[in-house]
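Shown next, in structure tokens, is the structure this report addresses.
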Amino acid sequence: MPEKQYDFNQIEMKWHERWKDGVLFQAEENSAKPKYYVLEMLPYPSGTLHIGHIRNYTIGDALARYKRMRGFNVLHPMGWDAFGLPAENAAIANKRDPYEWTSYNIENMKRQHRRMGFSYDWSREVTTCDPEYYRWNQWFFLKMLERGLAYRKQALVNWCAECGTVLANEQVVDGCCWRHESIPVEQRALEQWFLRITSYADELLSAIKELEAGWPERVLVMQRNWIGRSEGAEIDFHLEGSGKPIRVFTTRVDTIYGATCVILAPEHPLVAELASSDLKPQVKHMIDARAAKGPGDVEKAGLFTGKYAVNPYSGEKIPIWIGNFVLMGYGTGAIMAVPAHDERDFEFCSQYHIAIRPVIRPVDGALADAATIKDAFTDDGIVESSGLYSGLASAEARRVMTAKAVAEGFGKGAVTFRIKDWGISRQRYWGTPIPVVHCAKCGIVPVPEKDLPVVLPLGIAITGKGRSPLENVPEFVNVKCPKCGGDARRETDTMDTFIDSAWYFYRYCDAHNSSAPFDSKKIAYWFPIDQYIGGVEHAILHLIYSRFWTKMMRDLGLITNSEPVERMFTQGMVIKDGAKMSKSKGNVVSADQMIERFGADTGRLFELFAAPPEKEMDWTDAGANGAYKFLSRVYRLVTRNVGAVGGAGEGDRKVQRKLNQTIKKITEDFESRWHFNTSIAALMEFLNLLEEHEKQVSGAVMADVLEKLALLLGPFAPYLAEELWEEQGRQGPLFHQTWPAYDPDLAREEEAEIVIQVNGKVRGRIFVAFGTPREALEKHAIGDAKIAALLDGKQVVKVIVVPDKLVNIVVK
RNA sequence: GCCCGGGUGGCGAAAUCGGCAGACGCAAAGGACUUAAAAUCCUUUUUCCGGCAACGGGAGUGUGGGUUCAAGUCCCACCCCGGGCACCA
């Protein structure tokens with residue numbers, strides 16, 4: 001009789017049908033079982049599932065299946081994020097209701113996920129492009145507005161001409177839009193809405209310490225750099241004549257006696273007052289030149305104002321310059337230049353022949369000579385030539401000098417952050433409308449909570465560029481003021497969709513709540529997320545926003561956790577032809593092709609086998625065939641041995657030993673490093689051995705082996721595992737079975753293989769019982785005929801014995 | 001420039017605590033089965049030298065040093081690749 005062949009199509013479709021409406025993971029709060037919340041980052045509803053996504057999902061899915069089999073109550077939800085939709089695609093948006101279009105996309109995507117056999121809890125699906133979700137975004141916005149965490153101001157903001165909208169600082173990559181990597185971002189002065197993320201800057205930074213155990217270091221480093229805290233002082237220099245203060249920020253007050261000029265950013269408000277009318281065009285040119293050059297290296301340039309400032313400590317009069325390297329957006333937009341102790345100031349002052357005056361000497365060295373100085377000395381040291389502060393150590397001088405500034409009212413200690421407030425206004429159609437109206441009489445008036453959600457009007461024309469398309473929709477824009485009842489205009493900016501992703505995982509826990517964003521009790525049960533999985537590209541975007549949002553919600557009294565994610569795993573990107581695979585690049589390899597050819601099980605098995613998950617991976621489908629071959633062999637082996645009489649049992653011990661070793665290996669891989677590639681290699685080794693000894697295994701042992709084999713396969717090839725489980729006549733689903741335990745005694749090899757080295761080179765090997773004492777091993781090794789021959793005529797200097805492992809004989 | 005990763009066969013990789021380098025797989029070559037092909041199975045496959053062969057010997061984890069009985073693994077210096085930050089005062 002011919003063997004049954006592995007027909008993945010038939011098997012996968014069968015289980016696909018059975019699982020279609022069933023929820024495999026139904027997770028309940030207050031279960032007696034330990035909870036486990038695993039989440040893959042940001043599923044996108046548009047387009048097709050591509051290999052990069054598959055990688056993301058399979059890691060989380062395999063982990064969730066494993067945890068469930070270990071008795072954990074697993075919340076492994078599927079949700080949808082609004083961004084990534086063809087939102088700005090006029091042709092589509094003009095014709096469709098965005099909400100309907102979203103559900104259409106989601107249904108498509110869901111079908112594909114089901115086809116892949118992913119085990120999400122479908123009952124918890126969350127759609128962020130949905131009036132119900134908008135309601136809660138708007139609700140949060142109003143809460144923040146009340147508390148001054150949301151505000152509107154005129155500011156220089158990033159503008160992407162291609163998107164036709166403003167972007168947050170975090171969304172600018174190398175001076176370009178994160179979605180259009182070759183389009184430089186312009187600076188525009190606009191009235192915009194901001195969230196005061198800076199009021200959490202200190203906590204966002206200090207709490208990083210608590211994340212160190214579970215987050216990748218590189219993500220934390222990126223966040224630290226991004227937040228960029230620096231401690232120093234703000235000091236007023238005084239304009240000669242009027243005495244008007246010019247406030248500078250410095251981290252090195254101790255060097256202030258070495259300050260030889262004050263430099264203003266070209267955009268600094270004082271420039272208008274100080275610069276002569278001949279100078280003003282040059283200043284404008286300086287600003288334009290810098291903008292045109294982009295963020296790369298712009299050569300330093302300066303303009304002398306002809307005015308002077310007075311150093312509040314020394315009373316010295318120093319020139320005021322305008323410098324293109326001074327940033328208006330950081331500190332106070334003005335600096336004191338200390339060329340002897342700052343590399344940038346050194347470069348600038350050398351270029352313009354401004355005096356260089358050393359005032360700090362190394363602890364064990366001498367003060368540099370102003371005439372011959374070649375480099376700035378930027379370390380702390382001993383303060384010199386600085387009046388009554390001379391002789392103090394830098395740190396002490398900073399303390400004393402700051403205290404003096406405070407006492408005399410010309411300065412203070414100050415902390416400056418690099419992170420700025422989160423600009424959330426977007427001039428897009430597709431996003432949560434910002435729930436305020438502008439009334440000529442009452443100013444900015446929040447939409448009352450009872451009138452939420454403010455929804456998007458349908459059937460509008462997407463104009464594309466410049467202004468929100470909502471401005472052209474009179475029935476949306478023209479409203480009555482909620483306060484005075486007079487005519488008013490509705491805000492037409494919509495929210496950044498990163499707001500949606502900042503808290504979507506909270507909504508998962510209570511997806512259908514219509515009276516609150518979620519029930520706090522449910523959050524208390526599930527949060528923080530035990531394991532989050534996603535790409536590193538969100539390190540300073542999504543991951544920082546959601547940390548901020550969590551702290552904000554905590555301060556509103558909604559939740560008790562201060563951090564959303566306990567452990568974060570950043571999987572390596574999938575590279576295709578040298579470029580990161582992504583929708584915007586369009587270099588996507590669709591999973592459909594692989595599913596069609598080899599099936600979903602093969603696809604995910606191959607994907608996990610190709611490389612450890614944290615590693616970047618070059619996409620190639622060469623080798624998928626190997627995974628398919630492996631599954632076919634498993635299928636044939638199981639089906640031909642189910643219910644077979646079995647052999648005499650002389651192979652039992654060998655097979656059982658390897659089985660227990662395999663269970664041990666895979667269990668350890670799941671518990672610690674998630675190197676699924678080695679888990680799968682172990683399964684392959686086991687299959688190789690089992691096939692070799694198939695005929696010598698007794699029926700009883702074979703039955704046990706086949707059961708365990710199906711269970712071990714479960715997280716990697718769920719359809720096939722389920723089929724094999726049923727094939728063996730066992731009660732399903734396999735998914736709810738217990739993960740197999742291993743017996744350490746059965747896993748142990750009978751004999752230890754001892755490597756014998758002579759001068760560190762392997763010269764032979766012997767088999768001995770485990771636990772053979774050192775002396776016996778040494779004797780055994782030296783007595784070995786081959787070794788004895790090598791030792792002949794040599795003098796044994798030393799013998800190293802590592803029990804159960806090796807003997808190394810050192811000779812002369 | 002600074003801060004993280006990384007560099008191992010033709011390829012993807014393994015070696016988890018300093019103890020046999022290359023597990024597992026791909027590709028390739030040869031063979032079995034077949035009218036043929038596919039599928040399947042078997043053999044070889046880091047490299048060099050010797051041997052008909054079993055086998056024996058040398059070299060080998062980016063480069064150069066070092067520690068050690070023993071180094072892919074630890075230390076020092078350097079080269080290359082990837083990523084992040086970069087006038088942040």
Side-chain angles (χ1 to χ4, degrees), chain A residues 3 5 173-174 216-226 228-230 232 248-252 255 263 265 290 295-300 323-327 329-338 341-345 347-348 378 416-420 536-537 539-540 572-573 575 578 580 606 609-612 614-618 620-627 629-630 632-633 636 665 668-669 672-673 675 677-688 691 753-765 797-802 804-811:
Chain A
E3 263 190 329
Q5 292 300 314
V173 179
D174 284 341
E217 195 196 331
R218 59 177 170 156
V219 172
L220 298 180
V221 167
M222 283 163 76
Q223 292 207 356
R224 276 198 193 98
N225 288 343
W226 184 258
R229 181 182 199 275
S230 57
V248 304
F249 174 73
T250 177
T251 55
R252 295 295 303 271
T255 65
I263 310 176
R290 184 166 63 180
D297 33 8
V298 176
E299 272 174 39
K300 283 192 176 50
N324 66 343
F325 70 103
V326 179
L327 305 173
Y330 185 80
T332 61
I335 63 162
M336 61 177 200
V338 184
H341 303 294
D342 182 285
E343 281 163 17
R344 296 151 302 179
D345 297 346
E347 194 189 325
F348 184 84
T378 58
T416 299
F417 289 95
R418 184 184 183 282
I419 192 171
K420 304 220 195 68
V536 71
E537 66 272 18
I540 53 159
M573 287 184 295
I575 311 288
K580 170 183 132 188
F606 170 60
F609 180 60
E614 72 277 10
K615 216 181 143 159
E616 286 200 351
M617 198 187 89
D618 258 312
T620 156
D621 35 9
N625 196 37
K629 255 161 59 181
F630 168 71
S632 309
R633 279 166 62 206
R636 290 197 307 269
K665 166 81 182 136
E668 285 168 358
D669 277 345
S672 58
R673 347 177 271 169
H675 279 199
N677 54 332
T678 61
S679 302
I680 293 166
L683 275 173
M684 288 171 166
E685 280 185 56
F686 178 58
L687 180 69
N688 290 345
E691 279 179 339
E753 185 183 8
I754 307 293
V755 171
I756 305 172
Q757 299 180 331
V758 176
N759 286 346
K761 288 205 195 309
V762 180
R763 296 300 180 195
R765 52 197 63 203
V797 180
K798 196 174 179 183
V799 180
I800 281 91
V801 181
V802 183
D804 299 341
K805 275 212 174 124
L806 68 78
V807 177
N808 188 7
I809 303 164
V810 186
V811 298

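Labels below follow one simple rule: chain letters A, B, ... track the order of the sequence lines, proteins then strands, and each chain is numbered from 1. This one's a predicted model, so the numbers in the text were calculated from it and none came from an experiment.
Residue Arg673(A) is classed as a base contact, given a heavy-atom separation below 4.0 Å to a base. Backbone-only engagement by Gly626(A) is indicated by non-hydrogen atom pairs under 4.0 Å involving sugar-phosphate atoms exclusively. Glu668(A) comes within 4.0 angstrom of nothing in the nucleic acid, heavy atoms only. Using a 4.0 Å heavy-atom criterion, one finds that Lys761(A) contacts the sugar-phosphate atoms exclusively. Nucleic acid contact class of Val802(A) (heavy atoms, under 4.0 Å, all strands): base. Backbone-only contact: Asn688(A) has heavy atoms under 4.0 Å from sugar-phosphate atoms and none from a base. Using a 4.0 Å heavy-atom distance criterion, Phe609(A) is classed as a base contact. No contact: Asp345(A) has no heavy atom under 4.0 Å from any strand. Residue Arg224(A) is out of contact with every strand shown, counting any heavy-atom pair closer than 4.0 Å. Within 4.0 Å (heavy atoms only), Glu753(A) reaches at least one base atom of the nucleic acid. Arg633(A) comes within 4.0 angstrom of sugar-phosphate atoms only, judged by non-hydrogen atoms across all strands, and of no base. Residue Val326(A) is classed as a base contact, given a heavy-atom separation below 4.0 Å to a base.
In this structure, the nucleotide among rA14(B), rU16(B), rA89(B) sitting nearest to the side chain of Leu327(A) is rA89(B). Minimum atom distance to the side chain of Ile800(A) is reached by rC69(B), of the listed rC85(B), rC41(B), rC69(B). The side chain of Glu685(A) has rC24(B) as its nearest neighbour among rC85(B), rA89(B), rC24(B). When distances are taken from the side chain of Asn677(A) to each of rC41(B), rA14(B), rG57(B), the shortest belongs to rA14(B). Of the candidate nucleotides rA23(B), rC4(B), rC87(B), rA23(B) has the atom lying nearest to any side-chain atom of Ala681(A). The side chain of Val755(A) lies closest to rC20(B), out of rA89(B), rC20(B), rC26(B). Of the candidate nucleotides rG19(B), rC24(B), rG58(B), rC24(B) has the atom lying nearest to any side-chain atom of Met684(A).
Partner assigned to rA14(B) is none, using Watson-Crick or G-U wobble distances below 3.5 angstrom. In this entry rG5(B) has rC81(B) as its Watson-Crick or G-U wobble partner, both defining distances falling under 3.5 Å. rA71(B) makes up no base pair with any nucleotide shown, lacking Watson-Crick or G-U wobble contacts both under 3.5 Å. Nucleotide rA89(B): unpaired (no Watson-Crick or G-U wobble partner with both distances less than 3.5 Å). Using N1 to N3 plus N6-O4 or O6-N4 for Watson-Crick, or N1-O2 and O6-N3 for G-U wobble, each under 3.5 Å, rA36(B) pairs with nothing. The pairing partner recorded for rG50(B) is rC55(B), the criterion being a Watson-Crick or G-U wobble arrangement whose two distances lie under 3.5 angstrom.
The local environment of CD in Glu753(A) is crowded, with over 12 non-hydrogen atoms from other residues, nucleotides or ligands closer than 6.0 Å.
Here rC4(B) presents its P atom at 7 Å from CD of Glu217(A), a figure rounded to the nearest Å. Rounded to an integer number of Å, the gap from Asp669(A) CG to rA23(B) P is 18 Å.
Nucleotide rC17(B) carries a syn base; the chi torsion (O4'-C1'-N9-C4 or O4'-C1'-N1-C2) is within 90° of 0. Classified by its glycosidic torsion, rG56(B) falls in the anti category, the angle being over 90° from 0.
Put simply, the side chain of Asn808(A) and the base of rC69(B) share a donor and an acceptor less than 3.5 Å apart. If you check distances only, the side chain of Arg765(A) does reach the base of rC20(B) with a donor-acceptor pair under 3.5 Å. Judged by atom type and distance alone, Glu343(A) does not reach the base of rC87(B) through any side-chain donor-acceptor pair under 3.5 Å. On a pure distance criterion of 3.5 Å, a polar donor-acceptor pair joins the side chain of Lys300(A) and the base of rC87(B).
The phosphate of rC69(B) (OP1 or OP2) has no side-chain N or O of Lys805(A) nearer than 4.0 angstrom. Between Ser230(A) and the phosphate of rA89(B), there is a side-chain N or O to OP1/OP2 separation shorter than 4.0 Å.
A donor-acceptor pair under 3.5 Å is absent between the side-chain atoms of Arg218(A) and the main chain of Ala539(A), judged by distance alone. Here the side chain of Asn759(A) pairs a donor or acceptor atom with the backbone of Val811(A) at under 3.5 angstrom.
With the nearest nucleotide of RNA chain B identified for both Asn625(A) and Lys615(A), Lys615(A) has the one nearer the 5' end. In terms of position along RNA chain B, the nucleotide closest to Leu806(A) lies nearer the 5' end than the nucleotide closest to the other residue of the pair Arg252(A) and Leu806(A).
Here CG of Leu687(A) is found 4.5 Å from CD of Glu691(A). Values are rounded to the nearest 0.5 Å.
For the residue pair Phe606(A) and Ala627(A), the shortest heavy atom distance occurs at CB-CB, 3.9 Å. Contact between Ile540(A) and Met222(A) at its shortest, heavy atoms only, is CG2-O, 3.6 Å.
Between Phe249(A) and Tyr330(A), the ring planes are perpendicular. Angles over 60° get that label, and only those under 30° would be called parallel.
Considering only heavy atoms from C-beta on, Thr678(A) comes within 4.5 Å of Arg673(A) through its side chain.
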